[in-house]
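Side chains are part of it too, since the values below use all heavy atoms of this structure and drop only hydrogens, waters and symmetry mates.
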Amino acid sequence: MVKLTIVGRVEDGLPLAQDQPYVNQQDNISFLMYKQQAEFHLTQISKGSLLHPKMTILLDHHSFNFLVEKKICYIVLSDSSYPRKLLFHYLQDLQKELDKLDETELIKTFSKPYSFGKIIGRIRKQYMDTRTQANLSKLNALREQELHVVTEHMNDIIQIRQLLETSEITSLDARTSVSTIWHSQCLQDIALKWTPVTIIIFVILVLFKARLIMTDDYLISTMI
């Protein structure tokens with residue numbers, strides 16, 4: 001069963017539209033959790049963390065399926081038993097429907113989440129039941145086709161994200177530590193104390209070297 005569909009903008013991870021079947025109060029909590037996870041994946045795609053144009057992420061007894069086309073990301077959540085080829089056929093139908101609209105308007109105009117209106121429901125209803133004659137015909141036509149879809153597990157993605165965040169924090173702490181050392185009061189006191197002395201020594205060395213050069217020139221001129 002198709003449980004949730006979200007269309008989002010890849011450039012900044014803004015969710016443009018969503019659609020889901022009716023859920024009762026008991027299922028609403030789970031739905032909100034899956035919606036947040038879909039939005040999380042959309043954000044990761046906008047950051048370049050998930051680079052594949054077609055991808056499936058397995059989670060419990062469900063799966064998220066992603067299709068990225070023309071800077072738009074199409075996400076569908078379904079039961080893990082739902083035929084994956086039919087899910088991507090659904091996403092492609094949705095992409096074709098949105099292609100009929102002005103692409104510039106779709107990508108650039110909206111600034112608020114979920115402000116694109118109800119554009120998903122009509123197509124989604126066609127895919128609610130996999131046993132309809134139309135869907136069985138689609139599955140039969142897709143039987144020999146290769147999807148070339150990358151499959152990941154949600155736990156693996158979370159672990160990779162945690163490792164990246166830990167690495168970023170460690171790198172930031174290292175840079176902060178170096179910056180703190182160079183801006184410490186101790187180094188400032190040393191600089192104030194020894195900078196004048198260093199300048200005086202440098203001036204003396206310059207004058208001494210100039211004196212040597214002048215002496216050498218005088219000796220050479222007398223020899224000539």
- prompt: Looking just at side-chain N and O atoms, do Ser78 and Tyr127 make a donor-acceptor pair shorter than 3.5 Å?
  reply: no
query: Under a single-linkage definition using a 4.5 Å side-chain heavy-atom cutoff for Ile, Leu, Val, Met, Phe, Trp and Tyr, are Leu86 and Leu58 assigned to the same hydrophobic cluster?
result: no
- request: Of all the heavy-atom pairs spanning Phe66 and Ile45, show the shortest one and how long it is.
  value: CD2-CD1, 3.8 Å
field: Sub-4.5 Å side-chain heavy-atom contact between Met128 and Val2
entry: yes
- prompt: Do the side chains of Ile6 and Tyr114 get nearer than 4.5 Å, heavy atoms only?
  reply: yes
message: Can you confirm whether Asp93 sits close enough to Tyr74 that some side-chain heavy atom of one is under 4.5 Å from a side-chain heavy atom of the other?
response: no
- prompt: Atom CG of Leu59 and atom NE2 of His41: how far apart are they, to the nearest 0.5 Å?
  reply: 7.0 Å
field: Spacing of Leu42 atom CG and Lys47 atom NZ [to the nearest 0.5 Å]
entry: 11.0 Å
statement: Taken to the nearest 0.5 Å, the spacing of Thr5 OG1 from Arg124 CZ works out to 7.0 Å
message: Please tell me whether Leu136 and Tyr82 are part of a single hydrophobic cluster in this structure, the criterion being side-chain heavy atoms less than 4.5 Å apart.
response: no
task: Answer with yes or no whether the side chains of Asn135 and Thr132 bring together a donor and an acceptor at under 3.5 Å.
output: yes
- request: Check the angle between the aromatic planes of His62 and Tyr34 and answer parallel, tilted or perpendicular using the 30° and 60° thresholds.
  value: tilted
- prompt: Rounded to the nearest 0.5 Å, how far apart are CD1 of Ile75 and CD of Glu39?
  reply: 8.5 Å
query: Can Arg84 and Thr56 be counted as having a side-chain donor-acceptor contact under 3.5 angstrom?
result: yes
field: Stepwise side chain to side chain contact (heavy atoms under 4.5 Å, CB included) test for His89 and Gln126
entry: CA-CA 11 Å; His89 197 285; Gln126 301 173 20; over 6 Å; no
query: Does the side chain of Met55 reach to within under 4.5 Å of the side chain of Glu152, using non-hydrogen atoms?
result: yes
task: Taking all non-hydrogen atoms of both residues into account, name the closest pair between Cys73 and Val68 and its distance.
output: SG-CG2, 4.1 Å
task: Please check if any side-chain donor atom of Ser46 sits under 3.5 Å from a side-chain acceptor atom of Asp12, or the reverse.
output: no
message: For a side chain to side chain contact (heavy atoms under 4.5 Å, CB included) check, start with the C-alpha distance between Phe31 and Lys3, then their side-chain angles and the critical distance, and finish with the verdict.
response: CA-CA 8 Å; Phe31 164 74; Lys3 294 190 172 183; over 6 Å; no
task: Following the transitive rule for hydrophobic clusters with a side-chain heavy-atom cut-off under 4.5 Å over Ile, Leu, Val, Met, Phe, Trp and Tyr, establish whether Leu16 and Ile123 coincide in one cluster.
output: yes
Heavy-atom side-chain proximity of Leu98 to Lys70 below 4.5 angstrom: no
message: For a side chain to side chain contact (heavy atoms under 4.5 Å, CB included) check, start with the C-alpha distance between Leu94 and Leu67, then their side-chain angles and the critical distance, and finish with the verdict.
response: CA-CA 10 Å; Leu94 187 58; Leu67 173 67; over 6 Å; no
- prompt: Given side chains that start at C-beta, do those of Phe88 and Leu142 come closer than 4.5 Å, heavy atoms only?
  reply: no
- request: Measure across Leu4 and Gln18 and return the closest heavy-atom pair with its distance rounded to 0.1 Å.
  value: CD1-OE1, 4.1 Å
- prompt: Quick one: OG1 on Thr151 to NE2 on His52, what's the gap to the nearest 0.5 Å?
  reply: 10.0 Å
query: In Å, rounded to the nearest 0.5 Å, how long is the span from NZ of Lys85 to NZ of Lys138?
result: 15.5 Å
